[in-house]
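Each residue takes its place number in the sequence, starting with 1. Only heavy atoms go into these numbers, but all of them, side chains included; no hydrogens, no water, no symmetry mates.
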Amino acid sequence: MSTLQGVSIEAFVLGFKAEATKDTYIKKLRQFLNRFNLTPDQFLELAKKQPKEAEKIILTYITERRGEVSGSTIRALKESVKAFLLMNDVENGINWVKISRIMPHARKVGQDRAPTIEEVREILDNCDLRMKTIVLILLSSGMRVGAFD
């Protein structure tokens with residue numbers, strides 16, 4: 001079941017503007033469905049006819065993956081399943097608040113930081129005049145390195 005197919009997937013992919021987001025959500029949904037040997041259409045039918053059973057499957061998957069992957073990875077999975085069901089008109093029956101409560105914490109900020117004065121001095125000591133200008137512009141404006149190009 002390497003590629004996802006079916007009427008439900010056609011509706012799902014219509015909800016994305018960004019190609020990268022679509023690819024990520026499809027990948028997460030594929031991982032989820034492969035774990036339970038379900039096709040997208042089978043899971044959709046289950047969610048429509050027995051939403052509590054579908055909720056139980058989602059909770060089982062989250063619990064299993066909890067120690068293996070980061071919280072943000074599991075959050076992406078939850079969002080992909082939620083978007084899949086929403087784009088296929090399954091809005092009621094699954095308790096997303098309950099699912100959110102068992103989600104592991106995800107770090108929402110990066111670990112980058114501003115350089116210390118000593119680090120800036122060391123950088124400037126090893127630069128020529130042009131590079132010093134670039135470094136000082138980046139530091140004083142808060143620009144990211146890639147933005148200077």
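The two residues Leu29 and Ser80 come nearest to each other via the heavy atoms N-OG, 3.8 Å. Summarising the geometry of Thr63 relative to Leu59, their closest heavy-atom pair is OG1-O, 2.8 Å, with the distance given to 0.1 Å.
Salt bridge annotation for Glu68-Arg65: present, with a cationic side-chain nitrogen under 4.0 angstrom from a carboxylate oxygen.
Residues Lys78 and Ser100 have side chains that bring a donor and an acceptor to within less than 3.5 angstrom of each other.
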Pair Trp96-Ile58, side chain to side chain contact (heavy atoms under 4.5 Å, CB included): steps then yes or no: CA-CA 10 Å; Trp96 293 107; Ile58 296 168; 3.9 Å; yes

Audit row: Phe32, Phe43, ring pair (Phe, Tyr, Trp, His ring centres under 6.0 Å) steps and yes/no: CA-CA 10 Å; Phe32 170 73; Phe43 181 67; 5.2 Å; yes

Candidate pair Thr133 and Ile137, rule side chain to side chain contact (heavy atoms under 4.5 Å, CB included), full reasoning: CA-CA 6 Å; Thr133 306; Ile137 289 172; 4.0 Å; yes

CA sep, side-chain torsions, deciding dist, call: Phe84, Leu44, side chain to side chain contact (heavy atoms under 4.5 Å, CB included): CA-CA 9 Å; Phe84 172 72; Leu44 181 62; 4.3 Å; yes

Check against side chain to side chain contact (heavy atoms under 4.5 Å, CB included), Val135 and Met131: CA-CA 6 Å; Val135 169; Met131 191 54 77; 4.3 Å; yes

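Under a cut-off of 6.0 angstrom, the local environment of CD1 in Ile117 is sparse, with at most 12 non-hydrogen atoms contributed by other residues, nucleotides or ligands. Atom NZ of Lys52 is surrounded by more than 12 heavy atoms from other residues, nucleotides or ligands within 6.0 Å. For Glu53, the CD atom is densely surrounded, since the number of other residues' heavy atoms within 6.0 Å is greater than 12. Applying the 6.0 Å contact sphere to NZ of Lys132 captures more than 12 heavy atoms from other residues, nucleotides or ligands.
In this structure the side chain of Leu46 reaches within 4.5 angstrom of the side chain of Ile57, judged on heavy atoms. Within the 4.5 Å cutoff, side-chain heavy atoms of Glu79 are placed close to those of Lys82. With a 4.5 Å cut-off on side-chain heavy atoms, Asn95 and Glu55 count as touching.
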